[in-house]
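For reference, the structure discussed in these notes is given below.
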Amino acid sequence: IESVGIPSRAERKASEKAKILQRESERNIFKLVGRVLKKPEDERTEEEAAILLLHRDTVDEHCKRQVRRNVLKRKQEEVFDDADELKNKVRQLAVAVKQANHLVVYTGAGISTAASIPDYRGPNGVWTQLQKGRTVSSSDLSKAKPTLTHMCIRMLHKQNMVKHVVSQNCDGLHLRSGLPRNALSELHGNMFIEVCTFCSPVKEYVRLFDVTERTTLHRHGTGRRCDHCGSELRDTIVHFGERGTLEQPLNWKGAAEAAKMADVILCLGSSLKVLKKYACLWCMNRPVGKRPKLYIVNLQWTPKDDLAVLKIHGKCDDVMSLLMKELNFQIPVYDRMEDPIYSLATPLRPEEVNSHTREVIAPPDGRLDCSINPGGQAEEAPAVEGGWFGRGYSKGRKKKKKTA
């Protein structure tokens with residue numbers, strides 16, 4: 001007995017087939033309209049003009065998409081303030097820094113590009129290159145050293161003008177500049193630090209090499225063992241799609257407390273596309289007049305531009321150099337002899353000497369210790385693998401292999 005109101009199997013199949021054919025027809029019309037719109041208006045035939053009149057909704061959709069593409073393109077463009085405008089803006093920033101009671105600095109990949117470490121969304125950034133189907137070249141991180149911006153931030157903290165630094169970077173350069181750890185939150189981890197989460201409290205091992213060689217999204221084991229409990233160590237990197245739970249070096253507590261007390265926030269070299277999602281850093285639950293004053297230094301558009309008191313379009317090193325002149329502070333020069341990483345580093349045990357192939361930050365006296373691979377320098381990889389570039393890089397590699 002057939003149920004009343006319930007379509008038969010044949011009717012359902014016919015309905016699904018009709019839907020598929022309808023979608024296919026809409027796709028063909030969309031492509032056809034797109035081809036016509038690409039032609040100059042005076043070169044279109046009467047038939048093509050009639051197609052555009054007949055499918056006005058499709059034409060409107062094409063126009064909307066083009067507008068969105070143009071907006072996105074403008075947001076990705078790097079803009080530079082001219083010399084006079086840059087100096088004028090930096091003077092305004094200097095006044096804000098002097099008057100601030102609790103200045104907090106948020107930093108992104110843009111402050112490390114001067115150390116030959118690629119950013120993410122710039123013209124030559126990691127994500128930009130992957131979206132274009134290009135290979136991401138490797139960076140010799142053992143040769144990277146704190147930039148002028150890193151050293152300026154350290155000096156401003158020493159002068160009690162910067163209270164806290166919140167960084168998205170995992171290159172360890174803030175730590176190596178001499179910035180005290182209690183004044184630093186590395187929200188996405190530190191590539192030189194591995195930890196044992198089985199020990200209580202968590203036991204930390206600072207190394208003189210990138211510990212993320214074997215790690216990636218959701219796989220954080222480094223292959224080395226805790227010398228206290230014997231459990232496998234893990235890196236501290238927080239990849240896209242993960243939630244960081246480690247107390248250190250992430251120091252979320254310090255970041256949230258600093259943001260709560262801040263009256264001025266200075267963002268340096270960050271697109272803020274990730275940081276904007278961390279509500280505790282922006283005090284958005286307060287009335288507009290009671291939120292921290294926001295100053296942004298970045299060459300590209302950021303989602304916080306409309307909320308900023310001042311947006312400076314300039315390279316971080318250039319801006320910070322001008323700022324230090326306005327404040328009448330000397331910029332300290334990075335001295336490898338005083339790099340804190342050497343005193344913080346834990347040497348590898350003899351059986352772990354061959355547990356990595358990454359370049360090592362050579363000690364200032366040139367002597368080798370058991371943390372250095374005795375086989376000499378590792379062969380230069382043609383491209384970065386695993387580790388701190390994370391999930392996006394893995395996707396890019398898979399796509400390239402498939403096309404190959």
| request: Please determine if E16 and R12 form a salt bridge, counting it only when a charged side-chain N lies under 4.0 Å from a carboxylate O. | output: no
| Can you tell me how far NZ of K203 sits from OH of Y205, rounded to the nearest 0.5 angstrom? | 4.5 Å
| query | Backbone N or O of T222 within a donor-acceptor pair of the T215 side chain at under 3.5 Å? | reply | no
| message | For S271 and Q300, which I'm curious about, is there any donor-acceptor pair between the side chains at under 3.5 Å? | response | no
| field | Validation row: L275, K304 side chains within 4.5 angstrom (heavy atoms) | value | no
| remark: Here the ring-ring contact (aromatic ring centres under 6.0 Å, His included) pairs for residues 248-287, sequence neighbours left out, are Y106-W282, W252-Y278
| N70 atom CG, over 12 foreign heavy atoms within 6.0 Å | yes
| said: As a quick check of understanding, evaluate ring pair (Phe, Tyr, Trp, His ring centres under 6.0 Å) for H62 and H55, giving each step before the final call. | reply: CA-CA 11 Å; H62 268 284; H55 302 288; over 10 Å; no
| field | Side chain to side chain, T197 and H220, heavy atoms closer than 4.5 Å | value | no
| query | Take atom CD in E351; do more than 12 heavy atoms of anything else shown fall under 6.0 Å from it? | reply | yes
| request: Evaluate the side-chain proximity of I193 to V211: yes if any heavy-atom separation is below 4.5 Å, no if none is. | output: no
| task | With the side chain counted from C-beta on, respond yes when N298 and L272 share a heavy-atom pair under 4.5 Å apart, and no when they do not. | result | no
| message | Counting neighbours of CD on E247 that are heavy atoms of other residues, nucleotides or ligands and sit closer than 6.0 Å, is the number greater than 12? | response | no
| said: When you measure from the side chain of R336 to the backbone of K145, do you find a donor-acceptor pair of N or O atoms at a distance under 3.5 Å? | reply: no
| query | Is the backbone N or O of L217 less than 3.5 Å from a side-chain atom of E242, with the two atoms forming a donor-acceptor pair by type? | reply | no
Using residues 253-269 as the side-chain source, report each donor-acceptor pair under 3.5 Å to any protein atom, sequence neighbours left out, with the distance given to one decimal.
| from | atom 1 | to | atom 2 | distance (Å) |
| --- | --- | --- | --- | --- |
| D263 | OD1 | N101 | N | 3.4 |
| D263 | OD1 | H102 | N | 2.8 |
| D263 | OD2 | N101 | N | 2.8 |

| At what distance, to the nearest 0.5 angstrom, does CD of E47 lie from CG of L54? | 11.5 Å
| Could you walk me through whether V95 and Q92 pass the side-chain contact (heavy atoms from CB on, under 4.5 Å) check? | CA-CA 5 Å; V95 171; Q92 296 177 55; 5.8 Å; no
| message | Set out, in order, the CA-CA distance, both residues' side-chain angles and the distance that settles side-chain hydrogen bond (donor to acceptor under 3.5 Å, both in side chains) for D305 and T302, then state yes or no. | response | CA-CA 6 Å; D305 284 356; T302 84; 2.6 Å; yes
| field | Side-chain donor/acceptor of R154 to backbone N/O of S177, under 3.5 Å | value | yes
| request: Please report the C-alpha distance between L156 and L327 in whole Å, then the side-chain angles of each, then the deciding distance to 0.1 Å, and finally whether the side-chain contact (heavy atoms from CB on, under 4.5 Å) criterion is met. | output: CA-CA 10 Å; L156 291 176; L327 297 174; 3.7 Å; yes
| query | Does E77 CD have over 12 foreign heavy atoms under 6.0 Å away? | reply | yes
| query | Short question: side chain of S185, backbone of N251 - any donor-acceptor pair under 3.5 Å? | reply | yes
| note | Distance col, row N328:CG vs Q330:CD, nearest 0.5 angstrom, shows 10.0 Å
| request: Report yes or no: is the cationic atom of K293 (NZ for Lys, CZ for Arg) under 6.0 Å from the centre of the six-membered ring of Y295, at an angle within 45° of the ring normal? | output: no
| said: Rounded at 0.5 Å granularity, tell me how far CG in L208 sits from CG in L344. | reply: 10.0 Å
| Going by the ring-ring contact (aromatic ring centres under 6.0 Å, His included) test, which pairs reach into residues 301-338, not counting sequence neighbours? | none
| field | Check against side-chain contact (heavy atoms from CB on, under 4.5 Å), Q248 and V202 | value | CA-CA 9 Å; Q248 289 292 345; V202 173; over 6 Å; no
| query | Any idea how H150 and H174 line up, ring-wise: parallel (<30°), tilted (30 to 60°), or perpendicular (>60°)? | reply | perpendicular
| task | Any chance you could measure L175, atom CG, to E186, atom CD, to the nearest 0.5 Å? | result | 6.0 Å
| task | Could you list all the salt bridge (Lys or Arg N to Asp or Glu O under 4.0 Å) pairs where at least one residue sits in residues 278-292, not counting sequence neighbours? | result | none
| task | Flag the pair M155 / M151 as yes when at least one side-chain heavy-atom distance between them is below 4.5 Å, and no otherwise. | result | no
Solution key, residues 19-26 side-chain donor-acceptor pairs under 3.5 Å, sequence neighbours excluded:
| from | atom 1 | to | atom 2 | distance (Å) |
| --- | --- | --- | --- | --- |
| Q22 | NE2 | E26 | OE2 | 3.0 |
| E24 | OE1 | R27 | NH2 | 2.7 |

| task | Please answer whether the main-chain N or O of G223 pairs with a side-chain N or O of E232 as donor and acceptor at a distance below 3.5 Å. | result | yes
| field | Side-chain donor or acceptor of K163 paired with backbone N/O of N160 under 3.5 Å | value | yes
| Under 3.5 Å donor-acceptor, E11 side chain and S8 backbone | yes
| said: With a sphere of 6.0 Å drawn around CD of Q159, does it hold more than 12 non-hydrogen atoms of other residues, nucleotides or ligands? | reply: yes
| request: For side-chain contact (heavy atoms from CB on, under 4.5 Å), just list the numbers for L246 and R234, CA-CA rounded to whole Å, side-chain angles, deciding distance to a tenth of an Å, and then say yes or no. | output: CA-CA 11 Å; L246 290 172; R234 54 154 291 171; 4.3 Å; yes
| Test item: L307 and K276 side chains (from C-beta on) under 4.5 Å apart, heavy atoms | no
| request: Please confirm whether the backbone N or O of V36 pairs with a side-chain atom of R44, one donor and one acceptor, at under 3.5 Å? | output: yes
| note | Rounding to 0.5 Å, atoms CG (L310) and CG (L93) come to a distance of 7.0 Å
| Heavy-atom neighbours of N28 CG exceed 12 at 6.0 Å | yes
| request: Would you mind reporting whether L348 and F209 have side-chain heavy atoms less than 4.5 Å apart? | output: yes
| note | Here the salt bridge (Lys or Arg N to Asp or Glu O under 4.0 Å) pairs for residues 84-107, sequence neighbours left out, are D81-K89, E85-K89, R91-E326
| request: Check whether any side-chain N or O of N169 sits under 3.5 Å from a backbone N or O of D171 as a donor-acceptor pair, and report yes or no. | output: no
| query | Any luck finding a side-chain donor-acceptor pair between S355 and R224 under 3.5 Å? | reply | yes
| request: Report yes if the side chains of P249 and L184 come closer than 4.5 Å at any heavy-atom pair, otherwise no. | output: no
